[in-house]
Amino acid sequence: MANKKKKTLTPVQQQYQSFAKEREPQRPVIKNSIRAFFAGGTICLIGQGIQDAMVHWFHYEEDKAGDPTVAILILISIILTSLGVYDKFAQWAGAGSAVPVTGFANSMCSAALEHRSEGYVLGVGGNMFKLAGSVIVFGVVAAFIIGIIHIFLGTGGS
Amino acid sequence: MIQYFWAFVVGGGVCVIGQFLLDVGRMTPAHTMSTLVVAGAVLDGIGWYEPFEDFAGAGATVPITSFGNALVHGALAELERDGYIGVITGIFEVTSAGVSAAIIFSFIAALVFKPKG
């Protein structure tokens with residue numbers, strides 16, 4: 001895609017693009033990945049703890065305990081977002097804080113808080129799904145297509 | 001105890017994949033999340049997500065990939081039970097806990113808190 005775009009540019013513009021690219025700061029991929037690994041791993045570890053607590057004390061079945069666990073993690077994430085803690089953590093952790101469901105909740109909550117001044121209907125209601133919306137849309141469309149494929153293959157729910 | 005170890009390692013691993021998509025693939029966070037959700041959906045479509053969950057526990061249910069998995073899971077379960085219309089009615093069957101919780105708590109937060117930072 002980048003190449004296709006380049007063709008429509010004048011030589012000077014192309015020159016500038018390569019000039020800018022050379023001076024772009026290198027991303028510390030290794031350091032970011034290590035941080036993401038430990039942050040994400042820790043969140044999953046906490047999730048595992050909650051899940052086990054659900055099974056032990058609230059007598060959920062092993063494979064049903066995931067739903068309340070996710071809800072509790074989301075609640076924790078939203079409290080931390082409201083206190084301004086989660087976003088600081090997210091800056092340090094990168095994808096480690098964004099990939100778990102806590103990041104999904106964070107994106108919704110921070111959008112809700114940020115647009116609060118525009119009113120509850122247009123601001124909070126309209127902007128809550130700004131980032132989370134793409135996740136839901138693509139998830140649902142993918143699920144629909146996979147469902148259709150299963151119908152055609154005749155392999156109903158597996 | 002071994003379950004906790006795998007939850008940590010697998011959950012961390014999924015996050016590293018996300019970080020790679022961000023840094024090496026130069027994707028925006030929204031593209032990264034959408035890719036991971038679709039990946040989770042496809043994995044469940046071919047029946048690999050459930051064994052993955054059994055193996056990694058929260059390492060598989062906490063990352064956003066499990067959202068895609070849950071969408072497909074609901075759709076396929078209702079497809080089995082109610083026929084073709086189940087593909088549409090079942091999609092939010094399983095994920096409703098997460099999505100509802102996120103909407104409700106976010107709204108309450110917006111009522112109570114002011115933005116920080």
Side-chain angles (χ1 to χ4, degrees), chain A residues 27 29 32-33 36-45 47-48 51 66-71 73-75 78 81-84 87 94-96 98-101 103-105 108-109 112-114 116 124 128 131-132 134-136 138-140 142-144 146-151 156-158, chain B residues 3-4 7-16 18-20 22-24 29-30 32-34 36-38 41-42 45 47 57-59 61-64 66-68 71-72 75-77 79-81 84 87-88 91 94 97-99 101-103 105-107 109-110 112-117:
Chain A
R27 298 195 193 192
V29 177
N32 283 351
S33 300
F37 179 76
F38 279 100
T42 307
I43 292 174
C44 292
L45 203 60
Q48 186 69 49
Q51 202 165 317
D67 294 341
T69 306
V70 165
L73 281 173
I74 284 174
L75 178 61
I78 285 176
T81 305
S82 305
L83 298 173
D87 295 273
V99 171
V101 277
F104 177 76
M108 284 178 66
C109 186
L113 286 176
E114 198 182 320
R116 185 187 130 114
V124 176
M128 200 184 265
L131 177 61
S134 60
V135 170
I136 293 180
F138 279 93
V140 168
F144 179 71
I146 289 165
I148 297 290
I149 291 173
H150 274 267
I151 289 177
S158 54
Chain B
Q3 184 84 84
Y4 282 83
F8 184 84
V9 172
V10 173
V14 176
C15 293
V16 170
Q19 189 71 52
F20 262 74
L22 278 176
D23 280 347
V24 182
T32 309
M33 295 305 130
S34 304
L36 286 174
V37 165
V38 173
V42 171
T61 53
V62 171
I64 197 77
S66 81
F67 183 69
L71 290 170
V72 171
L76 293 187
L79 171 64
E80 182 108 307
R81 214 181 59 211
Y84 296 155
V87 174
I88 292 178
I91 281 180
V94 190
V99 175
I103 294 175
F105 296 142
S106 295
F107 190 76
V112 178
F113 291 95
K114 288 203 164 61
K116 295 245 162 84

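These numbers come from the heavy atoms of this one structure, side chains and all, not from hydrogens, waters or symmetry mates. Throughout, protein chains are lettered first and strands after them, A, B, ... in sequence-line order, and every chain is numbered starting at 1.
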Check: Do the side chain of A:Arg116 and the main chain of B:Phe113 share a donor and acceptor less than 3.5 angstrom apart?
Finding: yes
Check: Contact part of B:Phe20 toward chain A, heavy-atom cut-off under 4.5 Å: side chain, backbone, both or neither?
Finding: side chain
Item checked: Segment of B:Val37 engaging chain A (4.5 angstrom heavy-atom cut-off) -> side chain
Check: Would you say A:Phe37 has more than 12 foreign heavy atoms packed within less than 6.0 Å of its CZ?
Finding: yes
Margin query: Quick check for you: among A:Gly94, A:Cys109, A:Pro100, A:Ala132, which has the greatest number of heavy-atom pairs under 4.5 Å with chain B?
Written below: A:Pro100
Notebook entry, point to check: Quick one: what part of B:Leu22 sits under 4.5 Å from any heavy atom of chain A, side chain, backbone, both or neither?
Noted result: both
Check: Pick from A:Ile148, A:Thr69, A:Ile136: which one has the most heavy-atom pairs with chain B under 4.5 Å?
Finding: A:Ile136
Check: For the candidates B:Val16, B:Val14, B:Thr61, which exhibits the highest count of non-hydrogen atom pairs separated by less than 4.5 Å from chain A?
Finding: B:Val16
Checklist line | Pairs of heavy atoms under 4.5 Å with chain B: top-ranked of A:Gly66, A:Gly96, A:Pro68 | finding: A:Gly96
Check: B:Leu71 and B:Val94: side-chain contact (heavy atoms from CB on, under 4.5 Å), yes or no, with the steps?
Finding: CA-CA 7 Å; B:Leu71 290 170; B:Val94 190; over 6 Å; no
Next item on the list: Apply side-chain contact (heavy atoms from CB on, under 4.5 Å) to the pair B:Met33 and A:Val99, showing each step before the final yes or no.
Entry: CA-CA 7 Å; B:Met33 295 305 130; A:Val99 171; 4.0 Å; yes
Check: Side chain, backbone, both or neither: which part of B:Val10 has an atom under 4.5 Å from a heavy atom of chain A?
Finding: neither
Margin query: Taking B:Ala7's backbone N and O only, do any of them form a donor-acceptor pair with A:Gln48's side chain (distance below 3.5 Å, no angle check)?
Written below: no
Next item on the list: Determine the option with the most heavy-atom pairs under 4.5 angstrom with chain A, choosing from B:Ser66, B:Pro29, B:Cys15.
Entry: B:Cys15
Check: Do A:Val101 and B:Phe67 come within less than 4.5 Å of each other through their side chains, counting heavy atoms only?
Finding: no
Check: Where on A:Val135 is there a heavy atom nearer than 4.5 Å to chain B: the side chain, the backbone, both, or neither?
Finding: both
Next item on the list: Under 4.5 Å, counting heavy-atom pairs only, tell me which of B:Ser34, B:Gly18, B:Gly13, B:Ala101 racks up the most with chain A.
Entry: B:Ser34
Item checked: Gap separating the CE atom of A:Met108 from the OG1 atom of A:Thr81, nearest 0.5 angstrom -> 11.0 Å
Margin query: Please classify the contact of A:Val70 with chain B as side chain, backbone, both or neither, using a heavy-atom distance under 4.5 Å.
Written below: side chain
Check: Quick one: what part of B:Phe105 sits under 4.5 Å from any heavy atom of chain A, side chain, backbone, both or neither?
Finding: both
Check: chain B heavy atoms under 4.5 Å from A:Leu73: which part of the residue, side chain, backbone, both or neither?
Finding: side chain
Check: When you measure from the side chain of A:His150 to the backbone N and O of B:Leu76, does any donor-acceptor pair fall under 3.5 Å?
Finding: no
Next item on the list: Output the option from A:Val29, A:Ile43, A:Thr42, A:Asn32 having the highest count of non-hydrogen pairs under 4.5 Å with chain B.
Entry: A:Asn32
Next item on the list: Select, from A:Ala142, A:Ser134, A:Ala105, A:Ala71, the one with the greatest count of heavy-atom pairs under 4.5 Å involving chain B.
Entry: A:Ser134
Note to self: Taking side chain as everything from C-beta outward and backbone as N, CA, C, O, which of these in B:Ile88 sits under 4.5 Å from a heavy atom of chain A? Side chain, backbone, both or neither.
What the structure shows: side chain
Note to self: Go through it in stages, so that I can follow the logic: the residues are B:Val87 and A:Phe144, the test is side-chain contact (heavy atoms from CB on, under 4.5 Å), and I'd like the CA-CA distance, side-chain angles, deciding distance and then a yes or no.
What the structure shows: CA-CA 6 Å; B:Val87 174; A:Phe144 179 71; 3.5 Å; yes
Margin query: So which atom in B:Ile91 and which in B:Ala75 form the shortest heavy-atom distance, rounded to 0.1 Å?
Written below: CG1-CB, 3.9 Å
Next item on the list: Provide the closest heavy-atom pair for B:Gly98 versus A:Ile74 in the form atom of the first, atom of the second, distance.
Entry: O-CD1, 3.3 Å
Check: Considering only heavy atoms, which portion of B:Leu36 lies under 4.5 Å from any heavy atom of chain A: side chain, backbone, both, or neither?
Finding: side chain
Notebook entry, point to check: Of the listed residues (A:Ala98, A:Ala112, A:Gly103, A:Gly41), which shares the most heavy-atom pairs with chain B below a 4.5 Å separation?
Noted result: A:Gly41
Next item on the list: Determine the minimum heavy-atom distance between B:Phe107 and A:Val124, stating which atoms define it.
Entry: CD1-CG1, 3.7 Å
